[in-house]
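Following: one structure in structure tokens, then a few remarks.
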Amino acid sequence: MKISEIKERKIIHRPTQNFDEWGNRIYHSYEYHLPYNPGYKGNETERLFAKWIDMLPFCLIFYFVFHKMILVSIVLSVPCVLVLGTLTEFYWGSTLGKKVFKIKVIDDNGNYPVFLKSLQRNLLCLANFYPVFSERTTRTVAMGRQTRMQMNFSMHMNNTICKTYIVKESKIPEIKELLKYQGNQNLLPQKQF
């Protein structure tokens with residue numbers, strides 16, 4: 001069993017325009033079997049900060065020990081982070097920055113990625129840093145409505161290509177338990193919306 005094969009059972013109740021004899025609205029129930037998503041919302045921001053935390057020691061070493069300019073130190077720290085990130089994800093499923101945010105990298109089987117997959121993941125990470133711009137409208141009492149541009153980084157392409165997942169450490173036992181089930185037993189308990 002693989003994580004990509006696990007299905008989550010969801011029941012959605014949609015209201016109709018009909019009412020019963022007591023005046024209660026009648027709902028239709030629809031059952032869906034959707035792919036299980038072991039990830040969590042907001043992981044792009046945590047992953048971006050984790051990458052900066054991984055780069056910080058190398059930047060400081062190049063700046064203070066080798067007396068390089070700060071921009072050169074940042075550029076030189078990128079390959080160091082890629083190599084060290086590959087090794088630490090292969091052995092421990094995490095890097096220093098990911099450890100701070102308590103997140104791990106697992107493959108489709110629920111294990112830490114093998115060396116080549118981790119290397120591929122980290123190399124594809126360079127292409128992940130394209131910004132996505134969106135408008136964000138906020139309402140304040142004094143100023144009325146304000147529309148601002150918001151920049152987000154889409155950091156999931158490398159995981160999609162390599163079939164790896166970024167998960168919280170606390171969710172790993174649940175994922176391991178789900179991977180034990182076979183056949184129709186892989187449906188998770190229903191979630192009602």
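Just so you know, residue 1 is the first one in the sequence shown, and it goes up from there.
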Do [X] side-chain atoms and [Y] backbone N/O form a donor-acceptor pair below 3.5 Å?
{"X": "N18", "Y": "I26", "result": "no"}
{"X": "S94", "Y": "K104", "result": "no"}
{"X": "D20", "Y": "W22", "result": "yes"}
{"X": "T164", "Y": "V105", "result": "no"}
{"X": "R121", "Y": "N159", "result": "no"}

Could you check whether atom [atom1] of [X] has more than 12 heavy atoms from other residues, nucleotides or ligands sitting under 6.0 Å from it?
{"X": "Y63", "atom1": "OH", "value": "no"}
{"X": "K168", "atom1": "NZ", "value": "yes"}
{"X": "K99", "atom1": "NZ", "value": "no"}
{"X": "K102", "atom1": "NZ", "value": "no"}
{"X": "F49", "atom1": "CZ", "value": "no"}
{"X": "Y91", "atom1": "OH", "value": "no"}
{"X": "F66", "atom1": "CZ", "value": "no"}

**Report entry** Criterion side-chain contact (heavy atoms from CB on, under 4.5 Å) against I74, the qualifying member of M69, M55, K68
**Finding:**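 Exactly one pass, corresponding to M55.
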Query raised in the report: Hey, mind stepping through D107 and Y165 against side chain to side chain contact (heavy atoms under 4.5 Å, CB included) and telling me if it holds?
Result: CA-CA 6 Å; D107 63 3; Y165 301 93; over 6 Å; no
Requested in this report: Kindly determine whether E89 and K98 satisfy side chain to side chain contact (heavy atoms under 4.5 Å, CB included), including the steps that lead there.
Outcome: CA-CA 10 Å; E89 285 175 4; K98 288 182 180 79; 3.1 Å; yes
Looking at every non-hydrogen atom in both residues, tell me the closest pair between [X] and [Y] and how far apart they are.
{"X": "L96", "Y": "P57", "result": "CD2-CG, 4.4 Å"}
{"X": "S73", "Y": "C59", "result": "CB-O, 3.6 Å"}
{"X": "F58", "Y": "S77", "result": "CB-CB, 3.5 Å"}

Requested in this report: Please identify each residue that fulfils salt bridge (Lys or Arg N to Asp or Glu O under 4.0 Å) with E21, with sequence neighbours left out.
Outcome: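 E21 satisfies salt bridge (Lys or Arg N to Asp or Glu O under 4.0 Å) with no residue once adjacent residues are dropped.
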Query raised in the report: Hey, mind stepping through L179 and N109 against side chain to side chain contact (heavy atoms under 4.5 Å, CB included) and telling me if it holds?
Result: CA-CA 8 Å; L179 290 174; N109 296 318; 5.8 Å; no
Requested in this report: Using the salt bridge (Lys or Arg N to Asp or Glu O under 4.0 Å) rule, take R47 and E44 through it: C-alpha gap first, then chi angles, then the decisive distance, then the call.
Outcome: CA-CA 5 Å; R47 290 175 60 198; E44 286 91 5; 6.0 Å; no
Report task. Check the pair N43 / F101 against side chain to side chain contact (heavy atoms under 4.5 Å, CB included), numbers first and verdict last. Result -> CA-CA 10 Å; N43 70 358; F101 291 104; over 6 Å; no
